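Read the numbers this way: they start at 1 and go in the same order the structure lists the ligands and their atoms. Every heavy atom of this structure was used, including side-chain atoms; hydrogens, water molecules and symmetry mates were not. The structure presented is a predicted model; accordingly, all values stated were derived computationally and were not measured.
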Amino acid sequence: MKKPAVLVIYTGGTIGMKAHPVTGELVPFRFEHVLEEVPELRKFGFQIDTLSFDPIIDSSNIIPDFWIRLALLIEEKYTLYDGFVILHGTDTMSYTASALSFMLKNPEKPVILTGSQLPIGMPRTDGKENFISAVEIAAQKRDDGHAMVPEVCIFFQEKLFRGNRTFKYNAEEFRAFRSPNYPPLAEAGIQIKYNTHAIKYPKKWGQKLEVCTRLGTDVAILKIFPGIEEKTGKALLNIPGLRAVILETYGRGNAPSLDWLLKSLTDAVAKDIIILNITQCPAGSVSMESYACGARLKKAGVLSGLDMTTEAALTKIMLLTGLHSDNKKVRELLTVSLSGEF
Ligand code: ASP
């Protein structure tokens, strides 16, 4: 039997950083050293190939062009491997996972992002366990020979999550990611237990992977807060060329009933700008019917983002506005779950 083949793509992040001898700041080091730190990987007996981005980056520096490079790399190598592991900084890992979940259409192989809170060379690193389990999951097959998890996921601290349901929750603890609105796809204890009911499988296997590489960036995020000024809201809603705004609201999708805000939103909608309502709460869903303060937004033409994360909403809008110049089409597709994101 052919041994499983996994491609590890190293992009940077804490997992591969070390302290600068003079400044003490964490700076990236070369990928060969990351692999040297994890000799355990050889015990799997898999074919594990590696590719490193050049330059490697702190994930705070990620831009949509980087996602395009990553998606094209996966497309290029797709038939050669059973699964892909992307080592990535944690700061924007949920954005990258969300973006890839939309850019890779009809995935039949796992794309698992992971990283760490402590560099892999440190004695108490969380990077080794994350890396080793991610590789094992990327190679895992069902009895029928198809991939166990044909999705873009994040593996972190014993849990495998659907990537577009996650956000970085903790800047210090090892349990850095959460997915409150969707259960883990797998949990790694003594065994890796797969939650097959939650995993998204293709309706029909054998479809070609399609990669969307056009991303629009005429999007902005308006976070509502008590005391928000008219000049602040208006400045953002009047950005030239703006196509969509994520309105981060309170609770079930509520915003203050300020005349200027409702009028500005109504005017923006009249100018064909999409306003998508996403709650500031980490868990739960927007339901603009629940309170008068939400109902007014709905009346102004604001769309519900349901229980999507901001990361998923933003990257979904980027993908849809990249694909379609007509906002009517974008609006229509925003109500469709493309990759299990709501
Ligand atoms: N700043 C780092 C990054 O996102 C943090 C990390 O990797 O955890 O690249």
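Not counting sequence neighbours, Tyr194 has no partner by the side chain to side chain donor-acceptor pair (under 3.5 Å) test.
The atoms of ligand 1 that sit less than 4.0 Å from any heavy atom of Thr14 are 2 (C), 5 (C), 6 (C), 7 (O), 8 (O). Using a 4.0 Å cut-off to heavy atoms of Gly13, the atoms of ligand 1 that qualify are 7 (O), 9 (O). For ligand 1, the atoms lying closer than 4.0 Å to a non-hydrogen atom of Ser116 are 8 (O). The Asp58 neighbourhood of ligand 1 comprises atoms 1 (N), 2 (C), 3 (C), 4 (O), 9 (O), with distances under 4.0 Å to a heavy atom of that residue.
For atom 1 (N) of ligand 1, the closest non-hydrogen atom on the protein side is Asp91 OD2, 2.8 Å. Nearest to atom 8 (O) of ligand 1 among the protein's heavy atoms is Thr90 OG1, 2.3 Å.
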task: Kindly determine whether Thr90 and Lys168 satisfy side chain to side chain donor-acceptor pair (under 3.5 Å), including the steps that lead there.
output: CA-CA 7 Å; Thr90 56; Lys168 185 171 177 183; 2.8 Å; yes

- prompt: Between Gln280 and Ile224, does a side-chain contact (heavy atoms from CB on, under 4.5 Å) hold up when you go through it step by step?
  reply: CA-CA 9 Å; Gln280 292 174 20; Ile224 296 295; 4.0 Å; yes

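Remark: the backbone N or O of Asn130 is not paired with any side-chain donor or acceptor of Ser133 at under 3.5 angstrom. Under a 3.5 Å cut-off, the side chain of Asp91 and the backbone N or O of Ser59 do not form any donor-acceptor pair.
The closest non-hydrogen atom to atom 9 (O) of ligand 1, taken over Gly16, Gly12, Ser59, comes from Ser59.
At a 4.0 Å heavy-atom cut-off, ligand 1 does not touch Ala176 at all.
Here the CG-CG distance, from Asp272 to Asn327, works out to 4.5 Å after rounding to the nearest 0.5 Å.
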